[in-house]
2 protein chains.
Amino acid sequence: MSADAKKNYDHVLEVARDLLATQGADASLRDIARTAGVGLGTLYRHFPSREALLEALLRTSFDQLAIKAGQLDKTQPSDVALLSWLREIVAVAHKYSGAIKSMVAAIEDEGSALHASCVKMKAAGTRLLLRAQKQGAARPDIDGTDLFALVGALAWVADQPALGPRSDHIFNVIAGAILTDQ
Amino acid sequence: MSADAKKNYDHVLEVARDLLATQGADASLRDIARTAGVGLGTLYRHFPSREALLEALLRTSFDQLAIKAGQLDKTQPSDVALLSWLREIVAVAHKYSGAIKSMVAAIEDEGSALHASCVKMKAAGTRLLLRAQKQGAARPDIDGTDLFALVGALAWVADQPALGPRSDHIFNVIAGAILTDQ
DNA sequence: ACCTGAACACCGTTCAAGT
DNA sequence: ACCTGAACACCGTTCAAGT
């Protein structure tokens, strides 16, 4: 990629981050191209699908979250590690309102540009869940898919303006269902 | 409304029920009018907004559910009543995939055609929750809004094809968080 | 190589014109 | 009264034409 092309790529991504954060993950791609001052074709060549654009935006946060998962796993009690990680992935998903739907769909869609990233996220969560279960800190009858579904549920609640004020409390209720009283 | 107009109204509603159930609550209104064989203006006069159309579709189910709530309240132990009602409202919402978003938004939007229906639903759920809480069957630190948020979360999970297989299990996990062990 | 924007096939919504 | 469908302002997506 030439320096000029890279400049375009970066600028589109910057504008996209802004608009998707402000207007949600279904913001108009036309609008992004327009605001970035590039042709629609340029946006589409750099990001062949909305998922590809989302993936580029989420990659940084996902990578940090993967590292964080490793650190938490080593340094924190298993219940604390699991809850901290849950809180963070819900926040990342909520940053681009509506993105959680694509993330969940990507898990089973190998063709999605988000597939690899989301499978990795899910695996990181599953590891934290497994450790908590081994130590008796988390209920044994849920798996990584269930955990991801609960993340989806929490991110969806956070995305709804009418539920926003209660979403912290809902998080605690569901967190309480994942952890076992010890 | 003339007999001819009523025929149009009913036919549009019938077609809409079919298409929204098949394609989700965001199915094309143009498509509905086209399939029903009426002009777009006719659809819009009978149903001035997508919410109005959804309301007409949901009203029957909502009314039945309100009656059911009353019956359950009188005949069933409070925990059974609450869970049965939860299961049914989640199923009703899931029938028109994506409708739960409008339902949740309508609670705070007095201008929405769905407002009155959804406030009524929420009130019915709150009554069942309150009885369960009085009898110590439900955790005391949640309110009607939290219950509605959890209904939203469950309906959203059920709406996601990738999570569908687990959604019964997720229901049980969250139900377990609402009820107290006795 | 890279970029642009017209073109196509769709939307939701409104409203003049018809019966 | 009631209905129709053109018109408007938007989409997402593709691709010929330009540099």
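Chain naming here is simple, since letters A, B, ... match the order of the sequence lines and numbering starts at 1 in each.
Every side chain to side chain contact (heavy atoms under 4.5 Å, CB included) that Ile67(A) has, sequence neighbours left out, goes to Gln71(A). His46(A) pairs by the ring-ring contact (aromatic ring centres under 6.0 Å, His included) definition with Tyr9(A), not counting sequence neighbours.
Leu130(A) and Leu72(A) fall into different hydrophobic clusters, where Ile, Leu, Val, Met, Phe, Trp and Tyr side chains are chained together by heavy-atom contacts under 4.5 Å.
Within the 4.5 Å cutoff, the side chain of Arg131(B) has no heavy atoms near those of the Lys134(B) side chain. Looking only at side-chain heavy atoms (C-beta outward), Leu83(A) and Ile178(A) stay at 4.5 Å or farther from each other.
Here His46(A) reaches the OP1 or OP2 of dC3(C): one of its side-chain N or O atoms lies under 4.0 Å away. The phosphate of dC2(D) has neither OP1 nor OP2 within less than 4.0 Å of any side-chain N or O from Arg45(B).
Checking side-chain atoms of Ser167(A) against main-chain N and O of Leu163(A) turns up no donor-acceptor pair under 3.5 Å.
Side-chain contact, Ser78(B) with Gln135(B): a donor N or O sits under 3.5 Å from an acceptor N or O.
For the contact set between residues 4-34 of chain B and DNA chain D, defined by any heavy atom under 4.0 Å, the members are Ala5(B), Asn8(B), Arg30(B). Taking a 4.0 Å limit (strictly below) on heavy-atom distances, residues 36-44 of chain A reaches DNA chain D at Leu40(A), Gly41(A), Tyr44(A). Within a heavy-atom distance below 4.0 Å of DNA chain C, no residue of residues 96-107 of chain A is found.
In summary, Asp10(B) and Lys6(B) engage in a salt bridge, as defined by a charged side-chain N under 4.0 Å from a carboxylate O.
Listed by first residue number, the stems of DNA chain C with at least three Watson-Crick or G-U pairs below 3.5 Å are C:4-8 with D:12-16, C:12-16 with D:4-8.
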